[in-house]
Amino acid sequence: MKAFFPNAITSLNLLFGCIGILACFNGGLGFAGICILISATLDFFDGFVARLLGVSGDFGKQLDSLADVISFGALPGFIALNLIKQQQGGLYFDGEPLTNKIFLIICFLIPIFSALR
């Protein structure tokens, strides 16, 4: 039962990552950035509460990794993708200069490297 509290906090971290991605789809990049800050705070507190309660487990570790990939990998990738979209006036893969394609690839590398860490 004690493991419920850190896992609930981690789940909130994951929730705010998902809400931030949704905000990106609706053009709310500022709110998406706030979601990253909230997720970072929750990420700190889930570990703090787990150590305070003396609980640890594989499920919590896996959930924390998933939440980190969403909140600190996928969400920043979507923010970067939206910033490029705003700067270019849209996302087009055909007929773009090579530099624009490289920037798009970098947006995809953010979540990939987040998962690899």
Side-chain angles (χ1 to χ4, degrees):
M1 182 64 182
K2 289 193 304 185
F4 169 79
F5 294 108
N7 289 339
I9 296 170
T10 303
S11 296
L12 286 173
N13 173 359
L14 180 60
L15 176 67
F16 275 98
C18 293
I19 290 171
I21 290 172
L22 182 63
C24 285
F25 283 118
N26 293 317
L29 299 182
F31 182 69
I34 291 170
C35 287
I36 291 177
L37 294 175
I38 293 170
S39 291
T41 304
L42 291 167
D43 190 43
F44 168 78
F45 280 111
D46 69 358
F48 180 77
V49 170
R51 284 187 295 279
L52 187 68
L53 296 175
V55 294
S56 178
D58 287 335
F59 178 76
K61 290 176 187 176
Q62 295 298 325
L63 183 63
D64 188 65
S65 288
L66 175 64
D68 289 349
V69 169
I70 297 298
S71 298
F72 308 119
L75 177 53
F78 275 105
I79 290 172
L81 195 63
N82 274 280
L83 290 173
I84 290 172
K85 179 182 169 186
Q86 286 178 0
Q87 188 268 336
Q88 292 182 1
L91 292 175
Y92 308 99
F93 292 99
D94 294 330
E96 286 187 20
L98 179 62
T99 54
N100 291 342
K101 291 180 183 176
I102 290 172
F103 286 130
L104 292 174
I105 290 169
I106 290 171
C107 293
F108 298 133
L109 289 176
I110 295 169
I112 291 169
F113 285 125
S114 174
L116 290 174
R117 63 112 193 114

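Keep in mind the model is a prediction, meaning the values are calculated, not measured.
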**Report entry** By side chain to side chain contact (heavy atoms under 4.5 Å, CB included) - contacts of Leu83 (at least two apart)
**Finding:** Leu29, Ile79, Gln86

Query raised in the report: Hey, quick one: are Ile36 and Phe25 part of the same hydrophobic cluster, counting side-chain heavy atoms closer than 4.5 Å, chains of contacts allowed?
Result: yes

Query raised in the report: Hey, are the side chains of Ile70 and Leu75 touching, using non-hydrogen atoms and a 4.5 Å cut-off?
Result: no

Report summary line: Applied to residues 12-36, the salt bridge (Lys or Arg N to Asp or Glu O under 4.0 Å) test, sequence neighbours excluded, yields none

Requested in this report: Identify the two heavy atoms, one from Pro111 and one from Gly77, that lie closest to each other, and give their separation to 0.1 Å.
Outcome: CD-CA, 4.4 Å

Report summary line: Here the salt bridge (Lys or Arg N to Asp or Glu O under 4.0 Å) pairs for residues 12-40, sequence neighbours left out, are none

Query raised in the report: Taking only residues two or more places apart in sequence or in another chain, which ones pass salt bridge (charged side-chain N to carboxylate O under 4.0 Å, His left out) with Asp64?
Result: none

In a table with atom names and distances, give each donor-acceptor pair under 3.5 Å that connects a side chain of residues 12-21 to protein atoms at least two apart or in another chain.
residue: Asn13; atom: OD1; partner: Ser39; partner atom: OG; Å: 3.4
residue: Asn13; atom: OD1; partner: Ser71; partner atom: OG; Å: 2.8

Query raised in the report: With sequence neighbours excluded, what pairs up with Asp43 under the side-chain hydrogen bond (donor to acceptor under 3.5 Å, both in side chains) test?
Result: none

Query raised in the report: Residues two or more places apart in sequence or in another chain: which of them pass ring-ring contact (aromatic ring centres under 6.0 Å, His included) with Phe45?
Result: none

Report task. Give a yes or no on whether Phe4 and Ile9 share a hydrophobic cluster (residues Ile, Leu, Val, Met, Phe, Trp, Tyr; joining criterion: side-chain heavy atoms under 4.5 Å apart). Result -> yes

Report task. List in chain and number order the residues that pass side chain to side chain contact (heavy atoms under 4.5 Å, CB included) with Leu109, two or more places apart in sequence or in another chain; answer none if no residue qualifies. Result -> Ile105, Ile112, Phe113

Requested in this report: Scan for side-chain hydrogen bond (donor to acceptor under 3.5 Å, both in side chains) pairs involving residues 23-36, sequence neighbours excluded, and state none if there are none.
Outcome: none

Report summary line: So the salt bridge (Lys or Arg N to Asp or Glu O under 4.0 Å) pairs with at least one residue in residues 108-117 (sequence neighbours excluded) are Asp68-Arg117

Query raised in the report: Would you say Ile110 and Phe108 are hydrophobically clustered, going by side-chain heavy atoms of ILVMFWY under 4.5 Å?
Result: no

Query raised in the report: So which pairs with a foot in residues 20-32 pass salt bridge (Lys or Arg N to Asp or Glu O under 4.0 Å), sequence neighbours left out?
Result: none

Distance-only check: which donor-acceptor pairs under 3.5 Å involve side-chain atoms of residues 46-63, not counting sequence neighbours?
residue: Asp46; atom: OD2; partner: Thr10; partner atom: OG1; Å: 2.6
residue: Arg51; atom: NH1; partner: Gly47; partner atom: O; Å: 3.4

